[in-house]
Number of protein chains: 2
Amino acid sequence: MKKLTLEEVGKLAGVSRATVSRVVNGYPHIRPEIRERVQRVIDETGYRPNLLARSLASDRSNIIGLVIPSGAQAVFTDPYFPCLTQGIARGVNTNNLTLALFMVHSEQEEERTILSILGTGLVDGLIVTSDNKGDVFIPELLKHDMPFVQIGRSLYSNQVYRVDTDNVTGSYLATKHLLSLGYQRIATIATNRNCSGDDRFTGYANAFAEYGRTIDRRLVAYGDYGLESGYHAMRQLIPQRPDAVFVTSDTMALGALRALQEAQLRVPDDIAIVGYDDLPPAVQANPQLTTIRQPIEQTGFLAVATLVKILSGEPPESHEIVLPVELVVRASCGAVRMNAVETAGQTVSYPVNP
Amino acid sequence: MKKLTLEEVGKLAGVSRATVSRVVNGYPHIRPEIRERVQRVIDETGYRPNLLARSLASDRSNIIGLVIPSGAQAVFTDPYFPCLTQGIARGVNTNNLTLALFMVHSEQEEERTILSILGTGLVDGLIVTSDNKGDVFIPELLKHDMPFVQIGRSLYSNQVYRVDTDNVTGSYLATKHLLSLGYQRIATIATNRNCSGDDRFTGYANAFAEYGRTIDRRLVAYGDYGLESGYHAMRQLIPQRPDAVFVTSDTMALGALRALQEAQLRVPDDIAIVGYDDLPPAVQANPQLTTIRQPIEQTGFLAVATLVKILSGEPPESHEIVLPVELVVRASCGAVRMNAVETAGQTVSYPVNP
DNA sequence: CTGAAAGCGCTTACAG
DNA sequence: CTGAAAGCGCTTACAG
């Protein structure tokens, strides 16, 4: 099964290589009989065009890169990245592209990655998943005119195309939910490591503002999105006697649950808890955990769609797409106080625009 | 920041493009002053070679592909793929390669993926993560002489290079552990969807054989590695009154735990449970779950190393690398019967070769 | 509608 | 040790 070239296929079909190229690429103005003859040879020989040669000649690789920076340590523990990647892969397949995955593990690799991406003609564009505030890649990409779409938010958000989920509204809904149930001492486990953490704290604050309440700083603890950090933050909060806690990531919420369990505090009788993120296996295993559900897979898909538009020279009008999230209420969060019979163990979705 | 070519760099340095090429590629026999002069121009101009052109000319893309077939639905819920990908990415970075990710979502996409990979010159080789018995890709790859390394085991295992974890021994250890604790009715939740499922059942059977015990078919239930399936399988087993259960995946184990909880059965007093796989967040959230830990990340890394060897024309002697696993004993599985004070909540590793 | 030809940016024998 | 030249397999104006 030797590799054929356009030239050879042309010879077999009795036409020039240019004509074969046109047939392969679906160029319209070709005499039908010629097209068929060529197509038959292609089918019979199983000819496949060399993608590298095509890319070189056309100055388009049809490869897009997905960059996962080293800051994103959660890659292992959090289904966030798998879901996102799934969506991106779906987008890539839909648009007949190839996906190159750049995972950065250390700071040295950051430099190396940038170098191997920029100016090498390998990728047409990038999707950058970086929610860290001190972002290394964006300035470089901007400087080199590398087309890209950012997932999440960063300091550069207003200069770039990005797609994100609505973290502010999500946290607002979560907090408001607890407020509306009458909880008085609503703590939060936040994070200040990244922009989504900031946004989620903003949502918490917004709900408090709406209810004319002020935030008690002693009821605010910080974690790093990791399970352990949720555990420690909760242990730190318990002495403050919160009657509810909004944990800004489900992974941390699982840690927090462990701390509550250790402290013999029952959920939701002694304390209500609301998480964020919807980690499939863990959350399903805790069917009581009320949480905010985000359309992560869709985020990835839309990021690709946006990048494709940019690459085709028809960038979208708006620089940002912010996807709605929803509050999924289950038994943990004061369902007992709401209506135990109706809600316990059930899933109730709240619309985003209340 | 216009894109420079070798030719232009050569002009600036007063040498031919061939010489610049040799400097860029670290060719040894070059007069030092020339090398320096060229290198300076490269540094000053920020010249980066066009990877596509290089690939075309050298017939080596330095891109390897990672294929995740549609059978692997667990991509979302299981940290297995993220961990593996992490290891592969580390291997790719270490070997100065680029990783192309091919995620297949449907059967139609399978064909499309094969076509876009095979005979297009895009990838030098592949890593195929397919543990399904009815594997679609392997025969095609074999037919087209595409170099590849398989992760896991399949019907073609003896014809291909592969790296895997030791599923048979892992399950053997898990089961033996329960047997050695004196449990009499040790059920299992197995799966017959893939080869690792077969291997894990074999390990279960091996341990029974070693103890001169026969397997009670009524204590064998099947799931699909999903959480729900674990739940249903456990519900099915409960009427058979097992006193222990070996669940061949932690995701299913979480489902099983839920079923036990619903049935008001306490772990480990009423029934002991041992899982498999070590899903970080979920398992950490259940610190009682004894499980088998596999070196997944390392599996990915070694797969890349193996592929690199194959591509360099020095394939490894053995066609398979099987990595050891370990039993991590925690409180759930009859630790109480062992030595509650010493083992409860602790992690005890058993070596693979007992 | 089709072909001859230039060109994409590199590598790599081949001379010297 | 270095350069001129052929070649990798495509695309794409340009003629006709």
Side-chain angles (χ1 to χ4, degrees), chain A residues 1-39 41-42 45-63 96 98 116 118-124, chain B residues 1-39 41-42 45-63 96 98 116 118-124:
Chain A
M1 213 140 186
K2 193 195 147 293
K3 270 272 62 191
L4 287 175
T5 67
L6 275 188
E7 190 76 46
E8 295 163 325
V9 172
K11 199 160 296 173
L12 289 171
V15 298
S16 75
R17 113 181 60 167
T19 301
V20 181
S21 172
R22 293 189 181 108
V23 172
V24 168
N25 293 297
Y27 181 78
H29 310 295
I30 298 182
R31 239 190 312 156
E33 53 266 44
I34 298 257
R35 175 188 300 285
E36 277 167 32
R37 183 143 44 93
V38 172
Q39 189 59 53
V41 174
I42 291 176
T45 59
Y47 166 76
R48 306 253 71 219
N50 181 308
L51 259 27
L52 297 171
R54 170 182 287 177
S55 299
L56 182 61
S58 65
D59 201 27
R60 261 310 182 94
S61 71
N62 288 312
I63 300 175
N96 274 303
T98 297
S116 71
L118 258 28
T120 62
L122 188 60
V123 301
D124 292 336
Chain B
M1 216 141 185
K2 190 192 150 295
K3 271 271 60 192
L4 286 175
T5 68
L6 274 188
E7 190 75 46
E8 295 163 325
V9 173
K11 198 161 296 174
L12 288 173
V15 297
S16 78
R17 110 178 63 162
T19 301
V20 181
S21 173
R22 293 187 181 109
V23 171
V24 168
N25 293 298
Y27 182 78
H29 309 297
I30 298 182
R31 238 191 311 157
E33 53 267 43
I34 298 256
R35 175 188 298 287
E36 277 167 32
R37 184 142 45 96
V38 171
Q39 190 58 54
V41 174
I42 291 175
T45 58
Y47 167 76
R48 308 254 70 220
N50 181 309
L51 259 27
L52 297 171
R54 169 182 287 178
S55 299
L56 182 61
S58 65
D59 201 27
R60 262 309 183 91
S61 72
N62 289 311
I63 300 176
N96 273 304
T98 297
S116 71
L118 258 29
T120 62
L122 188 59
V123 301
D124 292 335

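Residue numbers begin at 1 in each chain, while the letters A, B, ... track the order of the sequences. Every heavy atom of this structure was used, including side-chain atoms; hydrogens, water molecules and symmetry mates were not.
Taken to the nearest 0.5 Å, the CG atom of Leu51(A) stands 10.0 Å off from the CG atom of Leu52(B).
An OP1 or OP2 oxygen of dC10(D) is reached within less than 4.0 angstrom by a side-chain nitrogen or oxygen of Tyr47(A). At the phosphate of dG3(C), OP1 or OP2 sits under 4.0 Å from a side-chain N or O atom of Ser16(A). A close approach under 4.0 Å does occur between a side-chain nitrogen or oxygen of Thr19(B) and OP1 or OP2 of dG3(D).
For the pair Arg17(B) CZ and dT11(C) C1', the interatomic distance rounds to 10 Å; values are reported in whole Å. At whole-Å resolution of the value, CZ in Arg60(A) and P in dT12(D) are 11 Å apart. Between the CG atom of Leu6(B) and the C1' atom of dA4(D) there is a distance of 15 Å, given to the nearest Å. The CD-P distance, from Glu36(B) to dC1(D), rounds to 15 Å in whole Å. Residue Leu4(A) contributes atom CG, which lies 9 Å from atom P of dC10(D) at whole-angstrom precision. Atom pair Leu122(A):CG and dG9(C):C1' shows a separation of 14 Å (rounding to whole Å applied). The nearest whole Å value for the distance from the CG atom in Asp59(B) to the P atom in dG9(D) is 7 Å.
Summarising the geometry of Ile63(B) relative to Leu122(A), their closest heavy-atom pair is CD1-CD1, 4.0 Å, with the distance given to 0.1 Å. Shortest non-hydrogen contact noted between Ser61(A) and Gly121(A) is CB-O, 3.9 Å. Nearest approach of Pro49(A) to Arg54(A), heavy atoms of both residues: CG-NH2, 3.4 Å. For the pair Asp124(B) and Asn62(B), the tightest heavy-atom approach, listed with the atom from each and the gap, is OD2-N, 2.7 Å.
Of the residues in residues 21-35 of chain B, Ser21(B), Arg22(B), Asn25(B) come within less than 4.0 Å of DNA chain C through at least one heavy atom, sorted by number. Interface residues of residues 48-57 of chain A facing DNA chain D, ordered by number: Arg48(A), Pro49(A), Asn50(A), Ala53(A), Arg54(A), Ala57(A); criterion, heavy-atom separation under 4.0 Å.
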Taking only Watson-Crick and G-U wobble pairs with both distances under 3.5 Å, what dot-bracket line describes DNA chain C, where [ ] shows pairs that cross earlier ones and | shows pairs with another strand?
|||.||||||||.|||
